[in-house]
Undergrad: 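Below is one structure. I have some questions about it.
All residue numbers in this chain count up from 1 along the given sequence.
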Amino acid sequence: MPATVLHANVLDALGRRITGGGLREGSVLTLEAIGTEFGVSRTVAREAMRMLEGFGLVRSRRRVGLVVLGIHEWQVLSPTVIGWRLEGDGRRDQLRTLTELRRAVEPFAAAGAARNATPEVRAELILIADRLRALGEAGEADHEEFLALDVRLHALLLGSSGNELFGSLSDVVAAVLSGRTALGLMPTVPAPESLDGHQAVARAVAAGDAEGAQAAMAAILGEVHHALVDDDAR
């Protein structure tokens, strides 16, 4: 097996283990132990650990080894880290915190897009929202096209907001939407309110209605939040 595949496998296994709580803060890893457990060379183990260190999950300490760090050190906005966390036991907490972040950012991004988006983006948003409705009403919300369009719509809004910090969160939102879909945490048939909301956002942006775009996006994410709360209450 190629070394790149081997270290990716080791990276994923250890990344999930750390973010899922299987390896607690302060635990110590060594290249020798990793090599033995996964049957890989020291070079492969070192590359995997170098990447984990880049994600803020471990830190090398002389004469000790690689020490697992706490969540306050993690690159929590990395799509890779988000993906690992969504696959672990703490996925509900991860979805909650990401939804809170989205509620704080995306309504303002939508308002910014209403002020700053190009005519081409405004037209594309209308087309995407209409297609999402068609797919949703046809019961194809779990279709790859639905996910791709949903990701594209949110990326366009963030990227057209006029705020480069909002735009930098496009990959984060994509990771959340993709992760929820992959894990079966998205409804098979989207709520009519969600489809209405996406069309309302698109139309408000197209019309240059910043207040309307902000309110519509806030409503969409409010529904997401309430769905998570309802699931936790069951």
Undergrad: Just verifying a value: how many Å separate Ile128 CD1 and Leu153 CG, rounded to the nearest 0.5 Å?
TA: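 The distance works out to 5.5 Å.
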
Undergrad: Looking only at non-hydrogen atoms, find the nearest pair between Gly197 and Ala216 and report the distance.
TA: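 Distance-wise, the nearest heavy atoms are O-CB, 4.2 Å.
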
Undergrad: With a 4.5 Å cut-off on side-chain heavy atoms, are Asp150 and His198 touching?
TA: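 A side-chain contact under 4.5 Å exists here.
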
Undergrad: Output the distance between atom CG (Leu156) and atom CG (Leu149), rounded to the nearest 0.5 Å.
TA: 10.5 Å

Undergrad: Listed by chain and number, what are the salt bridge (charged side-chain N to carboxylate O under 4.0 Å, His left out) partners of Arg17, not counting sequence neighbours?
TA: Glu37

Undergrad: What verdict does the side-chain contact (heavy atoms from CB on, under 4.5 Å) test give for Glu53 and Ser60, after you've listed the backbone C-alpha separation in whole Å, the side-chain angles of each residue and the deciding distance to 0.1 Å?
TA: CA-CA 8 Å; Glu53 195 165 11; Ser60 178; 3.9 Å; yes

Undergrad: Counting C-beta onward and ignoring hydrogens, is there a side-chain heavy-atom pair between Leu127 and Arg131 closer than 4.5 Å?
TA: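 SC-SC contact between Leu127 and Arg131 ruled out.
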
Undergrad: Determine whether Val151 and Leu77 fall in the same hydrophobic cluster, where Ile, Leu, Val, Met, Phe, Trp and Tyr are linked whenever their side-chain heavy atoms lie under 4.5 Å apart.
TA: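 Val151 and Leu77: one cluster.
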
Undergrad: For the CG atom of Leu101 and the CG atom of Leu169, what is their distance to the nearest 0.5 Å?
TA: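 Separation between the atoms: 6.0 Å.
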
Undergrad: Do Ile126 and Arg203 touch side chain to side chain, with heavy atoms closer than 4.5 Å?
TA: yes

Undergrad: With rounding to the nearest 0.5 angstrom, report the CH2 to CG distance, Trp84 to Leu14.
TA: 8.5 Å

Undergrad: Are any of the side-chain heavy atoms of Leu132 and Phe146 separated by less than 4.5 Å?
TA: yes

Undergrad: Could you pull out all residues at least two apart from Thr97 that satisfy side chain to side chain donor-acceptor pair (under 3.5 Å)?
TA: Gln94

Undergrad: Can you tell me how far OG1 of Thr80 sits from CG of Leu11, rounded to the nearest 0.5 angstrom?
TA: 7.5 Å

Undergrad: If the condition is side chain to side chain donor-acceptor pair (under 3.5 Å), which residues does Arg46 pass it with, not counting sequence neighbours?
TA: none

Undergrad: With a 4.5 Å heavy-atom cut-off, do Val58 and Val67 have their side chains touching?
TA: no

Undergrad: Answer whether the closest heavy-atom distance between the side chains of Leu57 and Leu69 falls below 4.5 Å.
TA: no

Undergrad: Please report the C-alpha distance between Phe38 and Asn9 in whole Å, then the side-chain angles of each, then the deciding distance to 0.1 Å, and finally whether the side-chain contact (heavy atoms from CB on, under 4.5 Å) criterion is met.
TA: CA-CA 9 Å; Phe38 294 98; Asn9 291 341; over 6 Å; no

Undergrad: Who passes side chain to side chain donor-acceptor pair (under 3.5 Å) against Gln199, sequence neighbours left out?
TA: Asp130, Arg133

Undergrad: Using the rule given for side-chain contact (heavy atoms from CB on, under 4.5 Å), can you reason through Leu66 versus Val28, listing the C-alpha separation, both sets of side-chain angles and the distance that settles it, and then say yes or no?
TA: CA-CA 5 Å; Leu66 296 147; Val28 176; over 6 Å; no

Undergrad: Grab the two heavy atoms, one from Val68 and one from Leu23, that are nearest each other, plus how far apart they are.
TA: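 Minimum heavy-atom contact is CG1-O, 3.8 Å.
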
Undergrad: Check whether any side-chain heavy atom of Ile220 lies under 4.5 Å from a side-chain heavy atom of Glu223, and answer yes or no.
TA: no

Undergrad: Does the distance from a Lys or Arg side-chain N to an Asp or Glu carboxylate O, for Arg50 and Glu47, drop under 4.0 Å?
TA: yes

Undergrad: Could you tell me the separation between the CD atom of Glu25 and the CD1 atom of Ile71, rounded to the nearest 0.5 Å?
TA: 10.0 Å

Undergrad: Please assess Leu86 against Leu95 for the test side-chain contact (heavy atoms from CB on, under 4.5 Å), listing each intermediate value before the final yes or no.
TA: CA-CA 7 Å; Leu86 287 176; Leu95 286 172; 3.6 Å; yes

Undergrad: Between Ser160 and Leu157, is there a donor-acceptor pair closer than 3.5 Å when you use the side chain of the first and the backbone of the second?
TA: no

Undergrad: Going by atom type alone, with no hydrogens or angles, which donor-acceptor pairs under 3.5 Å involve a side-chain atom of residues 104-121 and a protein atom two or more places apart or on another chain?
TA:
residue, atom, partner, partner atom, Å
Glu106, OE1, His154, ND1, 2.7
Glu106, OE2, Arg102, NE, 2.4
Glu106, OE2, Arg102, NH2, 3.0
Asn116, ND2, Gly112, O, 2.9
Asn116, ND2, Ser161, O, 3.0
Thr118, OG1, Glu120, OE1, 3.4
Thr118, OG1, Val121, N, 3.2

Undergrad: Tell me every residue that passes side chain to side chain donor-acceptor pair (under 3.5 Å) with Arg42, counting only those two or more places apart in sequence or in another chain.
TA: Glu32

